[in-house]
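These notes concern the structure reproduced below.
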Amino acid sequence: MLPVPDDFPHEHMPATVPGVQTKVGVVLSRGRYILQSAEERAERYEICEDLAHQLLPKARADAEKHPGHAQEETLGRVRRAVAGKAWVSPEELQWLIERLRVLLAW
């Protein structure tokens with residue numbers, strides 16, 4: 001497993017529990033209540049990192065196809081395409097686009 005960078009998002013589990021007091025959705029893992037296990041987070045990170053590398057040639061091809069467009073416009077098109085697939089959470093998508101920006105050196 002790859003080490004997970006600190007800026008990679010943690011999953012937030014929405015809680016839909018009735019009542020007046022605020023509740024937090026958690027999972028019991030190895031005797032502790034957690035939002036997301038380290039293994040689950042590492043798995044999500046590896047998926048997002050792999051996806052960033054898969055999107056790299058597509059983003060480059062899009063930028064070459066539309067040389068007059070700003071880099072932000074290219075990243076916006078990639079964002080919309082990935083968001084439409086619902087492969088990642090909104091937080092992961094934000095991280096993914098920033099990671100893609102780094103890989104593209106933009």
Side-chain angles (χ1 to χ4, degrees):
M1 277 193 183
L2 299 172
V4 180
D6 291 338
D7 67 336
F8 188 75
H10 290 271
E11 181 179 304
H12 299 286
M13 186 181 302
T16 54
V17 182
V20 177
Q21 290 183 305
T22 305
K23 286 135 181 102
V24 178
V26 294
V27 175
L28 181 62
S29 175
R30 299 180 189 161
R32 295 181 58 200
Y33 289 101
I34 58 172
L35 292 174
Q36 182 182 43
S37 73
E39 293 85 10
E40 291 168 328
R41 186 166 179 253
E43 182 179 325
R44 295 301 306 163
Y45 167 68
E46 288 187 9
I47 289 168
C48 290
E49 181 69 15
D50 181 60
L51 184 54
H53 285 274
Q54 289 181 47
L55 292 171
L56 192 56
K58 296 188 180 301
R60 283 186 180 136
D62 186 78
E64 289 174 13
K65 184 178 178 182
H66 304 285
H69 291 174
Q71 296 167 343
E72 290 304 314
E73 194 169 341
T74 298
L75 291 173
R77 281 194 295 278
V78 172
R79 176 188 295 277
R80 287 187 296 278
V82 174
K85 304 288 186 190
W87 290 329
V88 296
S89 73
E91 294 84 8
E92 290 171 339
L93 179 57
Q94 178 63 34
W95 182 89
L96 177 66
I97 295 302
E98 291 306 314
R99 179 65 177 139
L100 191 55
R101 184 188 318 277
V102 169
L103 293 172
L104 290 164
W106 287 355

Practice problem: Given side chain to side chain contact (heavy atoms under 4.5 Å, CB included), test R77 with H69 step by step and report yes or no. | Solution: CA-CA 11 Å; R77 281 194 295 278; H69 291 174; 3.3 Å; yes

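- The backbone N or O of G76 lies less than 3.5 Å from a partner atom in the side chain of R80, making a donor-acceptor pair.
- With a 4.5 Å cut-off on side-chain heavy atoms, W95 and V88 do not count as touching.
- Side-chain contact between P3 and Y45 is absent, with no heavy-atom pair separated by less than 4.5 Å.
- Results of the side-chain contact (heavy atoms from CB on, under 4.5 Å) test with L100 over T74, V82, V78 single out V78 as the only residue that passes.
- Annotation: the span from E98 atom CD to D7 atom CG amounts to 9.0 Å, rounded to 0.5 Å.
- Here the CZ atom belonging to R60 is positioned 6.0 Å from the CG atom belonging to L104, to the nearest 0.5 angstrom.
- The CG atom of D50 sits 9.5 Å away from the CG atom of L55 when rounded to the nearest 0.5 Å.
- In this structure, L103 and A52 approach most closely via the heavy-atom pair CD1-CB, 3.9 Å.
- Counting only distance, with no hydrogens or angles, the side chain of R44 and the backbone of P9 share no donor-acceptor pair below 3.5 Å.
- Taking the side chain as every heavy atom from C-beta outward, I47 and E43 approach each other to under 4.5 Å.
- Residues passing the ring pair (Phe, Tyr, Trp, His ring centres under 6.0 Å) test with H53, sequence neighbours excluded: none.
- For the residue pair R41 and D6, the shortest heavy atom distance occurs at NH2-O, 3.8 Å.
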Practice problem: Begin from the C-alpha positions of R99 and E92 and carry the test side chain to side chain contact (heavy atoms under 4.5 Å, CB included) through to its verdict. | Solution: CA-CA 10 Å; R99 179 65 177 139; E92 290 171 339; over 6 Å; no

